[in-house]
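In what follows, a structure is listed as structure tokens, so that the remarks can point back to it.
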Amino acid sequence: MPRKNPMCMAEWKKLLVLSFVLLPILLVGVVALYGFAVWGLQLLFLGPPGP
Amino acid sequence: MKKLWHALVSLFCRPAAKIGLGILVTVGFIAGVLSWQGFTSVMGVTNSEEFCVGCHTMQANLHELKDTVHWSNRSGVRAKCADCHVPHDFTDKMARKMKASVEVWSHITGEISTPEKFEENRLRLAQNEWARFRANGSKECRSCHDYKSMDFEKMRETSREAMRGAAQRNQSCLDCHKGIAHHKPATGNSRNPAFDGLMQAASSVSAKEGAVYYNVFPRTLYLDEALSQTAGKLEIAAAVKVLQEKGDAQQVEISAWRKSKGFGRVWYGHFGKNITQATLEKNVAQDAQRIKVTESREDPNTGLVWQKTSGVFWIKKGEVVEKIDPLWSVARDSYKSSCSVCHKQPDEAHFDANTWPGLFGGMVGFTSMDKDTQALVLKYLQSNSSDFKQAGH
């Protein structure tokens, strides 16, 4: 394995970006979206949550 | 845009050529654990009391909570804001958090940015919470309090019967325990909307001279047609005879009973019954020129002497209606909905006119009736009490 493989570097970068930037953002985004969706449904159809 | 798309596609779809699958999975796993950990701790922070009261508008609620049993008690269990206000299961919690983020936004952008604005909106906010607790049966309270674990015998005597009944019906705590953590918003200032309808009706009544009308809302009585000197207050649902109309004023005659003891300021509708019609100022009540006494009778029950009196006053035009029924129907609705929360509302004729005020006064604190509705409902109960039911037969 050559010591400085640009390809390898790029892949590590991608991996780190994916797992430590994109993943958290997506996580928060998806949960927020889910929250808003449920809230919207509650406003329109469901009414406040029951017991 | 297209470039970004390509970058994304290659980021996700091109297989890694140099990094082993094991490393990918391991890094992904670690990233997942860390993000979830971060996520839950952020959720924890936003559930903390410090975060809740960070906006100064929430300070009032905090201060009020400090005076209650949920802040400090002999058991040392503290209820935090989120214990009562944030649903405990994931879906509802997330929905609530997103709603809260909009609330924080409205704080920042100024819709509810000052303590004054907060106070204005307080009743509405409390009503939202009441509705939420009604819908979920006060689930949040019950994560700490459980009917099944309550020892009713150990409760105060005043609590026992009410709480036993509540447990049997599995009733929502907030049906009865409004204002448990903060001051109950003053519903006293917000008028029962049903009165607007009555006032509307009253404003379009053209009164015939010599006919009897009923007052729809507590009013000031005046001595003169210019409506400048006050004589006292005409109570809600009081009957008056209209004598004449002049401009904006109406001359009315009030016939009532009063007790001969004291100043005779309070006038009652019927002999021996404490159903108030009007309250006069002291000098007016004592003015023999104005107030005619036509009859005196002793009440055998109390030994007090009652006098039949009448007086002529002025009121503003457009404040009376022809029939008492619309007033009673407002009262009946309010009575039925407010007084049936804890027990079936007692039959109106189950008590007599002089017993109702004490009973009603003891109970009305449990309800959210405003004070004019209270006065009207009490009068309705008295006027339909056993005294009058029997007379009617």
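Residue numbers begin at 1 in each chain, while the letters A, B, ... track the order of the sequences.
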*Determine whether B/Ile23 and A/Trp12 make a side-chain contact, defined as any pair of heavy atoms from C-beta on separated by less than 4.5 Å.*
yes
Just give me the residue among [options] that pairs up with chain A most often, heavy atom to heavy atom, under 4.5 Å.
| options | result |
| --- | --- |
| B/Leu34, B/Val102, B/Asp89, B/Ile30 | B/Val102 |
| B/Ala31, B/Ala131, B/Gly28, B/Gly32 | B/Ala31 |
| B/Arg132, B/Met94, B/Met98 | B/Met98 |

*What part of A/Phe36 gets closer than 4.5 Å to chain B, counting heavy atoms only: side chain, backbone, both or neither?*
both
*Sort A/Leu22 into side chain, backbone, both or neither according to what part of it lies under 4.5 angstrom from a heavy atom of chain B.*
side chain
*So A/Ser19 and B/Phe29, side-chain contact (heavy atoms from CB on, under 4.5 Å) or not? Walk me through it.*
CA-CA 9 Å; A/Ser19 40; B/Phe29 180 77; over 6 Å; no
With a 4.5 angstrom heavy-atom cut-off, which part of [X] approaches chain A: side chain, backbone, both or neither?
| X | value |
| --- | --- |
| B/Lys139 | side chain |
| B/Ser172 | neither |
| B/Val42 | neither |

*Contact winner vs chain B - A/Leu16, A/Val38, A/Val17, A/Leu43, heavy-atom pairs under 4.5 Å*: A/Val38
_Residue B/Phe366 excluded, over 12 heavy atoms near CZ under 6.0 Å_ = no
*For A/Leu23 and B/Ser35, work out which heavy atoms get closest and say how close.*
CD2-OG, 3.6 Å
_Looking at every non-hydrogen atom in both residues, tell me the closest pair between B/Asp92 and A/Gln42 and how far apart they are._
OD1-NE2, 3.6 Å
*asked:* Rounded to the nearest 0.5 Å, what separates atom CG in A/Leu15 from atom OG1 in B/Thr26?
replied: 10.0 Å
